There are 4 protein chains.
Amino acid sequence: MSKGEKMKIKVGVLGATGSVGQRFVQLLADHPMFELTALAASERSAGKKYKDACYWFQDRDIPENIKDMVVIPTDPKHEEFEDVDIVFSALPSDLAKKFEPEFAKEGKLIFSNASAYRMEEDVPLVIPEVNADHLELIEIQREKRGWDGAIITNPNCSTICAVITLKPIMDKFGLEAVFIATMQAVSGAGYNGVPSMAILDNLIPFIKNEEEKMQTESLKLLGTLKDGKVELANFKISASCNRVAVIDGHTESIFVKTKEGAEPEEIKEVMDKFDPLKDLNLPTYAKPIVIREEIDRPQPRLDRNEGNGMSIVVGRIRKDPIFDVKYTALEHNTIRGAAGASVLNAEYFVKKYI
Amino acid sequence: MSKGEKMKIKVGVLGATGSVGQRFVQLLADHPMFELTALAASERSAGKKYKDACYWFQDRDIPENIKDMVVIPTDPKHEEFEDVDIVFSALPSDLAKKFEPEFAKEGKLIFSNASAYRMEEDVPLVIPEVNADHLELIEIQREKRGWDGAIITNPNCSTICAVITLKPIMDKFGLEAVFIATMQAVSGAGYNGVPSMAILDNLIPFIKNEEEKMQTESLKLLGTLKDGKVELANFKISASCNRVAVIDGHTESIFVKTKEGAEPEEIKEVMDKFDPLKDLNLPTYAKPIVIREEIDRPQPRLDRNEGNGMSIVVGRIRKDPIFDVKYTALEHNTIRGAAGASVLNAEYFVKKYI
Amino acid sequence: MSKGEKMKIKVGVLGATGSVGQRFVQLLADHPMFELTALAASERSAGKKYKDACYWFQDRDIPENIKDMVVIPTDPKHEEFEDVDIVFSALPSDLAKKFEPEFAKEGKLIFSNASAYRMEEDVPLVIPEVNADHLELIEIQREKRGWDGAIITNPNCSTICAVITLKPIMDKFGLEAVFIATMQAVSGAGYNGVPSMAILDNLIPFIKNEEEKMQTESLKLLGTLKDGKVELANFKISASCNRVAVIDGHTESIFVKTKEGAEPEEIKEVMDKFDPLKDLNLPTYAKPIVIREEIDRPQPRLDRNEGNGMSIVVGRIRKDPIFDVKYTALEHNTIRGAAGASVLNAEYFVKKYI
Amino acid sequence: MSKGEKMKIKVGVLGATGSVGQRFVQLLADHPMFELTALAASERSAGKKYKDACYWFQDRDIPENIKDMVVIPTDPKHEEFEDVDIVFSALPSDLAKKFEPEFAKEGKLIFSNASAYRMEEDVPLVIPEVNADHLELIEIQREKRGWDGAIITNPNCSTICAVITLKPIMDKFGLEAVFIATMQAVSGAGYNGVPSMAILDNLIPFIKNEEEKMQTESLKLLGTLKDGKVELANFKISASCNRVAVIDGHTESIFVKTKEGAEPEEIKEVMDKFDPLKDLNLPTYAKPIVIREEIDRPQPRLDRNEGNGMSIVVGRIRKDPIFDVKYTALEHNTIRGAAGASVLNAEYFVKKYI
């Protein structure tokens, strides 16, 4: 893998035409460390220009330098992947299961937003501000699977939102139990995921597998790497997930019981101070938690772009009548909760290991 | 107070032109027990025909027999209130505080949706399926205040939804702690309450005083009347309230810890069997809890009209990783959660006491 | 075909599980003239109970007597179609093209909402208030095609809305030119037709084939049956069609130039008086045009249920600076504009010809 | 008025806290020609920091350098206005009527988005790409009114959208008649202008005075300045205005009859070539018309930010069955249609006259 003052690392995107794929394209089109040279999608799209293959639905047009790039098939042996070192995956889980190992075998580093391998013992599930040290699992993964490359995953969108806010609380006060009720944006389900008939003047109190992901991924993320294994964190967590009529931005009502006991002001303070990677100058990094004092914030339309979509915005930190504290957290689900999470993982990895 | 086979009780509505007032009009325009003869509103509306005084925004037109009724001022001594026995109040809290006692003094029974007197010691706060016996407080109220009439209140919209589902659980298994996150409809804030700029592609994680109401009213409703006083129920409750882009229908994610321990199937069974007033033939009564088995129900647009808007629809009753059970409950907030609640209180009162 | 005081005509629905199919079920489940005995849908649904085959998304639950009916395949020789005389078709156009003739051949009267045969010379395209006499085309159709049954079609949803308002104007003042801009509800595209990502905080200025349908169907509907042929009406019409974030209810801005010249008050008068079938007592019939005087009506959420969804609501009839008059018209697109249109056609046919 | 290589012109905003005022702030906070030094609002706001006085509801936070500026009263003699040369007005019409002359009297150039003086004979109503020469009216205005300053207005939001697309057509083919049906965003009515109850699952077919503005302002804008007077353009125009559930972005269905006759391809060509000010390097200028070829564009959420909100996006240019051509145009109503229009007027004025 080459690196230099002026040399950018060549990267590709799998599933480049979908909801998360488009966000990867936005984040990578003009990236100081990465050069986006390979856009892969389904057979149906392969061979077309990106602008023709993709039903682009972002509120800014396709970056000019990407429009005419030709989409290639999801094949690690395709010539355009040859000098690509890092591959971002926005594949759906079933396709990720099949294709990501093929790319890892070919020596690629896969930074994947897919859920397929997140809970595998030898696959790092990482939020760099939370558990960057879990990246060391790569060595075990490579050895065990005989790959030159590796798969590095980021969590589910709604998990990231909660876990970033829980990390500084856990570090200072310990965690005992957490209840979370989510109100999630429709973009999380992909462009065709939620029919308008299903959400206008309505909400849907169910998102497939979402509660299970939140309840398992959180414990791995906040767990401890010991002797090449992640020991799950030792607290209880329960989620209830809902879909609401919002384009982008997951909002979560969170109730937290700490081990030590904590006052709202103390919680606010540790959240506000939480800024573990600020000295690394990662291009996609922003202050992980931004606190708003207004009584009615955060709100998805107003706050989702905070930190270019990378900051979790927290508000209404207040005393809870049962637990220690309750608060509301908001995340841009297709940036911080998906494409941005993978890109930040890659940036961190490159800075630290390459 | 007169009553007979064919004689209907004359009733009036205070705050008749607003969001809840319009629902009172819909429920009372053709009611088998009540005859709606007095529509009171602000000075600005008084003297006008109802159809001119009121910006009607329901999806069915104003009932024909109401359109041309002349709105009167909120004055218990107005001649049109003379033979009115029951007055329904959709007044905002500050006006309720002032006007409701004046009507009670004049001998009227006020069935009020306002919050002003709900937590007063001598004022019944009643859901008939839950704590009809609290109506006995009226005697104490009358004695203490020297009124011929009385004020009877129903709870806040989001409280009613939760408490109806909690009642059968408490009766069978006891309650220890309850977390609730709400997603509430815009109609709950009145016609001008939520600007479209505030809710399109957005949600608001705050509703003024709502969490406090849920956390206090629930304990009174599920409390025990002893020696002329309500002993508050002895469990813990915490709410986090949100406004979402739904016209009508509050949805609640509820997490419950019982005293005895309970399995989801047991909870479902006691909810489904809960039907305490079915033999009274109250016109507005419907089965209080309707359970849907589909994984993605209840939904506001699809389920809010269940039982003509009087049934709470419950779904997704499932094992909770921390407490015993979690589920989703839905209520038509301006019917079961407001006007319908007051009307049902009145119907019950008439059947039992008159 | 049997008919009697108490004997209902047995009817079936093709495409019974879709958006329009569900409306047919609502309209026919408790119909005074028809008994709904056959529900046909795709092979995938056949054999299942209706409640299991159908993703029901109306704001009232499936009628009780329909829930457990078993869905059958779209096969005119299926035994459940044997004593069915009338078949309502909610098939998509390509399937309608194939299946409707098969049913007509078996002697069924097809009342079809599909576009497949609307513009065929020998197929009546009918709104009973507008051109009931075109039903005489059936004789020609039967002769020409050798069918015992027949296909009778109703127009496209947005066409119906406009044409009903144009008919009384044409009869009195003649028509020269009509511009129409539509704002159409998402239900018109079927449950999965419009993704929420496409319509939240957005609109789509295009609906496939819609403008063409409005521009051709209108001329046939308002044309004259002469010597067994429909002579197209002789005026010009142009449409621009848009999809907006409304569940049900198409709204149209209409600009009209008459032949004779007409004042807004005259237009209002002929519209208001237009009630050609009022003496027939057709169960689904309602006054075809209801005029609202308020400056900001009609509105879809408030007015779509007028006449149980069968009345076109017209407002803002005013002088036009270029043509004679402009106004706004609203139609419940899945009732008056689809299922209700077919059912009304059938009711009229039965009253007149059987 | 001072000007220099590095010297920026000091500017102020009237009505700085409202919907259009916030857009002025966004456009001026970091402007290469202007320095925003005075933020005026109502007495209630005066004296507070902008961040406290203003309920900011844009999807990016208040610019850092503006947050702590202290709001002043709307008083041209306030010391902070002393060295301000240009004042942008986002006042409501009644306040504009009163205050704008007071500022003009004090020598300020008022670039106003208010409708109060738009149709006055001696007040320029200007879109710089369309009728920049009308700015010469200032001389007559100053003489007639005895002002050192002047009032320069831009048109109503929906007028701008239509007129920019009509200008190149008129120049090449002449205009005979134009029909326009609008679908306008809620932001156009101000933050509290449209209640959510009024627009969720709904639309409103009426906007006060909007049609009148479109029908009169267009003729002045496209009129000819002769002997110090604007001769109104000589074509007919009719508008029908609707409010829809969109945050930002007015969409218009437009039907055009030219004098000479024109094919869609010719219309597209003159629109696409229309770029009259491209050589002036005005900071807020963008290509006035951007044409999209996709069948379903423009769409408000996807296209409103084109040209940083300053380009009108046109699509679906097609043959009209009655007139020559019909098409769809989209405008960011609070940028191109309001604040951006005023700022562009000021930029043009400074470049040309100062």
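Since the model is a prediction, treat every value here as computed from it, not as a measurement.
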| message | Only heavy atoms, only distances under 4.5 angstrom. Which residues in residues 20-27 of chain C are near chain A? | response | none

| request: Verify the neighbour count for atom CG of C:Asn308: are there more than 12 heavy atoms of other residues, nucleotides or ligands below 6.0 Å? | output: no

| query | Among residues 190-210 of chain A, which residues come closer than 4.5 Å to chain C, judged by heavy atom distances? | reply | A:Gly190, A:Tyr191, A:Asn192, A:Val194, A:Pro195, A:Ser196, A:Met197, A:Ala198, A:Ile199, A:Leu200

| request: Using a heavy-atom cutoff of under 4.5 Å, enumerate the residues of residues 242-251 of chain A that contact chain C, numbered in order, or state 'none'. | output: A:Ala245, A:Val246, A:Ile247

| message | For C:Asp30, is the CG atom crowded, meaning more than 12 foreign heavy atoms sit under 6.0 Å from it? | response | no

| request: Only counting residues at least two apart or in another chain, list the ones meeting side chain to side chain contact (heavy atoms under 4.5 Å, CB included) with C:Asp68. | output: C:Lys49, C:Lys51

